[in-house]
Undergrad: 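Before I ask anything, here is the structure I am working with.
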Number of protein chains: 2
Amino acid sequence: MPTRVTIKSIARDLGISHMTVSRALSNHPNVQKETREAVLKRAEELGYVRSAAATAMRGDRMRIVGLLLPNIVNEFYARFADTMAMACEEAALHLTIHLTRDDIDAETQALRRLQELQARAVVMVPTPGQSQAGRPHLQAMRVLQLIRERDIGQPVPTVQVDDAGAIRDAVLHLAAAGHRRIGYIGATPALSSGRVRLAAYRTGLAAAGLSEEAPLVITGAPTAETGRAGLHRLLESATATVCGGFEISNGALIALLSAGQRPDGPFGFVGYGDPSFYSWIGAGVSTVSIPVDALAHCAVELLQEDAPAPERHAFTARFVAR
Amino acid sequence: MPTRVTIKSIARDLGISHMTVSRALSNHPNVQKETREAVLKRAEELGYVRSAAATAMRGDRMRIVGLLLPNIVNEFYARFADTMAMACEEAALHLTIHLTRDDIDAETQALRRLQELQARAVVMVPTPGQSQAGRPHLQAMRVLQLIRERDIGQPVPTVQVDDAGAIRDAVLHLAAAGHRRIGYIGATPALSSGRVRLAAYRTGLAAAGLSEEAPLVITGAPTAETGRAGLHRLLESATATVCGGFEISNGALIALLSAGQRPDGPFGFVGYGDPSFYSWIGAGVSTVSIPVDALAHCAVELLQEDAPAPERHAFTARFVAR
DNA sequence: GTGAAAGCGCTAACAT
DNA sequence: ATGTTAGCGCTTTCAC
């Protein structure tokens with residue numbers, strides 16, 4: 001194995017001091033033109049790369065940002081990660097992904113390892129539970145909470161989605177179209193997002209002057225399967241439904257289509273999330289559109305700041321009628 | 001800002017040498033029981049974490065693995081990343097994601113930055129083009145190519161998908177069901193995967209004793225939109241189709257469903273990839289099933305090896321009739 | 001314009 | 001069982 005190319009090895013190679021090499025490589029003015037050029041040329045030839053470890057040892061944090069997500073297959077998280085990865089690339093930051101599966105121990109572990117790395121910052125979707133072990137020491141690492149909020153012993157900025165208005169609007173939209181039996185398929189109220197969305201559905205019903213009928217409210221795991229099963233039941237008992245989750249929405253939509261119905265069809269359908277294909281099924285799928293990219297960009301901007309205020313940044317979802 | 005907790009700060013705190021602290025923390029036998037316990041206790045209290053940078057400076061590479069992908073929204077890449085992230089978590093490796101958008105400069109840049117980090121390894125889907133600039137110096141970093149192969153100046157292991165057999169089987173399956181006008185919707189032959197899959201489709205036609213009809217072969221960008229548009233055309237000119245791409249398949253399937261057709265006929269449909277919902281649409285969607293998890297696990301295993309042989313690891317896709 | 005020294009956090013090697 | 005030294009690659013500080 002060839003020894004590492006360092007400023008010292010280049011210096012020896014050129015018969016000069018390693019300091020001159022350092023200066024040449026970091027554009028310091030006090031280097032003779034020819035010396036600088038010789039250094040740059042040799043560095044290029046040998047494939048020199050500055051050691052991030054050595055830089056970190058001198059006090060700088062690593063140019064690393066951690067991203068803690070429950071998973072990355074979920075459309076929302078994938079899109080979020082995608083946008084964040086691009087933004088990080090632009091800011092010359094490394095984005096490291098840590099999947100928690102919503103397990104607090106995995107989360108704690110990931111945070112700990114990010115500190116070993118001296119990561120600059122971490123964007124996390126906090127796991128629902130409360131830690132039984134002590135809170136991790138966050139030291140100098142910037143923390144930013146996404147989607148959910150949890151007390152981690154210090155105030156941190158959060159980036160949230162406010163979808164209550166959009167869900168209420170969805171119900172009102174269906175009611176205005178004449179629907180009286182409007183169902184809801186969403187995540188279990190055990191999740192805070194599940195609670196909020198269900199409450200928004202109820203607000204919508206009330207605003208439309210409709211009363212809730214228990215059999216029309218279907219909650220379960222936030223999976224496509226829940227959406228599929230839910231829609232099957234609602235096809236018999238309701239005339240329309242609102243979905244409260246990405247996977248659930250996709251599952252329900254596929255079930256609707258495979259039942260031979262169109263999304264703009266007699267059965268009223270409002271999805272959740274806005275993958276591109278929603279816009280070209282039939283006349284388009286009405287949906288609660290989440291501004292994923294805006295969320296991701298906000299997150300990256302906050303990461304760039306020296307001392308981001310521990311504020312709540314809420315992004316409003318929009319009901320899109322199609 | 002509180003100064004960093006280091007072995008030296010703990011040593012001062014305890015009035016002992018930093019070496020004793022180091023030994024205690026790394027389970028070296030030569031430490032008195034009480035001393036060790038005192039150290040561990042204090043370290044825990046202060047939230048000490050070993051500096052990865054310092055460790056890296058001493059010669060160890062960082063416990064970082066880079067993953068270079070065109071994007072992460074694509075179902076296949078998302079699932080691959082998901083599985084890899086879990087496996088890395090288990091192996092105490094950090095997985096850093098770098099999106100190339102199939103741009104060779106982005107790729108080169110990402111590789112360079114991974115070296116600055118002294119990443120242990122990189123799993124990359126090489127971009128199609130050829131680099132005009134010189135090849136990056138890979139130094140001691142292990143490289144593993146995924147899906148595609150490109151000469152990067154040194155032999156490296158590759159993890160590939162062999163889907164030709166499955167695509168041929170798909171055509172034969174449709175032919176056996178009586179279809180004579182079997183279409184194909186796939187990626188442009190500009191991509192190597194596009195070429196291979198199209199060739200497999202042709203092999204299938206030949207094996208079934210059918211001749212190719214140009215209008216039935218639709219290629220384009222590997223997007224859902226290509227699938228949608230393709231299926232619309234084929235609905236008029238063909239009686240069945242095989243898909244050659246994840247996004248294309250999803251797009252075509254949605255188009256099929258929203259045309260009021262069921263995937264189990266009369267129009268013969270074979271998708272590509274096997275997201276969970278394919279199994280519960282109607283009687284199920286026949287598809288070319290790609291063993292994503294096996295690919296990901298193979299990749300992680302190769303990363304663990306000291307000196308993985310530069311072999312080609314091919315995973316065979318299976319045609320699943322449903 | 002260039003160089004020498006020191007120190008960031010850590011551990012292997014060598015004292016004691 | 002514990003302590004001291006040196007050096008990994010780099011930049012800041014202080015000579016020259």
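Below, read A as the first sequence line, B as the second, and so on, with proteins coming before strands; counting in each chain starts at 1.
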Undergrad: Quick one, which residues of residues 44-54 of chain B touch DNA chain D with a heavy atom under 4.0 Å?
TA: none
Undergrad: Taking CD in B:Gln154 as the centre, count heavy atoms belonging to other residues, nucleotides or ligands within less than 6.0 Å. Is the count above 12?
TA: yes
Undergrad: Enumerate, atom names and distances included, each donor-acceptor pair closer than 3.5 Å involving a side-chain atom of residues 300-313 of chain B, sequence neighbours excluded.
TA:
from	atom 1	to	atom 2	distance (Å)
B:Arg312	NE	B:Glu149	OE2	2.9

Undergrad: Output the rounded distance in Å from CG (A:Leu25) to P (D:dT12).
TA: 14 Å
Undergrad: Looking only at N and O atoms, is any donor in the side chain of B:His18 or the base of D:dT2 less than 3.5 Å from an acceptor on the other one?
TA: no
Undergrad: Whole-Å distance between D:dT11 C1' and A:Ile7 CD1?
TA: 8 Å
Undergrad: Given axes from five pairs at either end, by how many degrees does the helix from C:dG1-D:dC16 to C:dT16-D:dA1 bend, rounded to 10°?
TA: 50°
Undergrad: What pairs with A:Thr223 under side chain to side chain donor-acceptor pair (under 3.5 Å), at least two apart in sequence or on another chain?
TA: A:Thr226
Undergrad: Could you give all pairs that pass the salt bridge (Lys or Arg N to Asp or Glu O under 4.0 Å) test and reach residues 107-123 of chain B, with sequence neighbours left out?
TA: A:Glu89-B:Arg113, B:Glu107-B:Arg150
Undergrad: Does a side-chain N-to-carboxylate-O contact under 4.0 Å join A:Glu45 and A:Lys41?
TA: yes
Undergrad: Determine the minimum heavy-atom distance between B:Leu138 and B:Gln115, stating which atoms define it.
TA: O-OE1, 3.4 Å
Undergrad: Which residues pass the salt bridge (charged side-chain N to carboxylate O under 4.0 Å, His left out) test with A:Asp13, sequence neighbours left out?
TA: A:Arg42
Undergrad: Which nucleotide of DNA chain C is the first, and which the last, in the 5' to 3' direction, to come under 4.0 Å of a heavy atom belonging to chain B?
TA: C:dG9 to C:dA12
Undergrad: Taking CD1 from B:Ile16 and P from D:dG3, how many angstroms apart are they, rounded to a whole number?
TA: 6 Å
Undergrad: Roughly how many Å is it from CZ in B:Arg12 to C1' in D:dG3, rounded to a whole number?
TA: 16 Å
Undergrad: Is the backbone of B:Gln160 close enough, under 3.5 Å, to the side chain of B:Thr158 for a donor and an acceptor to pair up by distance?
TA: no
Undergrad: Side-chain donor-acceptor pairs under 3.5 Å in residues 48-76 of chain B, sequence neighbours left out?
TA:
from	atom 1	to	atom 2	distance (Å)
B:Ser51	OG	A:Gln118	OE1	3.4
B:Ser51	OG	B:Ala53	N	3.3
B:Ser51	OG	B:Ala54	N	3.0
B:Thr55	OG1	B:Ser51	O	3.0
B:Arg61	NH1	B:Ala119	O	3.1
B:Arg61	NH1	B:Ala140	O	3.3
B:Arg63	NE	B:Ala92	O	2.9
B:Arg63	NH2	B:Ala91	O	2.9
B:Asn71	OD1	B:Val73	N	2.9
B:Asn71	OD1	B:Asn74	N	2.9
B:Asn74	OD1	B:Phe76	N	2.7
B:Asn74	OD1	B:Tyr77	N	3.2
B:Asn74	ND2	B:Glu247	OE2	3.4

Undergrad: How long is the line joining NZ of A:Lys8 and P of D:dA6, in whole Å?
TA: 14 Å
Undergrad: Classify A:Ser22 by what it touches in the nucleic acid, base, sugar-phosphate, or nothing, heavy-atom distance under 4.0 Å.
TA: base
Undergrad: Measure CD/B:Glu116 against P/D:dT11 and give the value in whole Å, please.
TA: 11 Å
Undergrad: Would you find a donor on one side and an acceptor on the other, under 3.5 Å apart, between the side chain of B:Arg4 and the backbone of B:Ser9?
TA: no
Undergrad: For DNA chain C, find the residues of residues 28-36 of chain B with a heavy-atom distance under 4.0 Å and give them by number; none if there aren't any.
TA: none
Undergrad: Name the residue closer to the 5' end of DNA chain C, choosing between B:Met57 and B:Met19 according to the nucleotide with the nearest heavy atom.
TA: B:Met57
Undergrad: Show the atom names and distances, to 0.1 Å, of all donor-acceptor pairs under 3.5 Å that link a side chain in residues 19-26 of chain A to residues at least two apart or in another chain.
TA:
from	atom 1	to	atom 2	distance (Å)
A:Ser26	OG	A:Ser22	O	2.6

Undergrad: Nearest 0.5 Å please: distance from the CE atom of B:Met84 over to the CD1 atom of B:Ile97.
TA: 8.0 Å
Undergrad: Identify, with sequence neighbours excluded, every residue that meets side chain to side chain donor-acceptor pair (under 3.5 Å) alongside B:Arg12.
TA: none
Undergrad: For residues 95-125 of chain A, which residue pairs qualify under ring pair (Phe, Tyr, Trp, His ring centres under 6.0 Å), counting only residues two or more places apart or in two chains?
TA: A:His98-B:His94
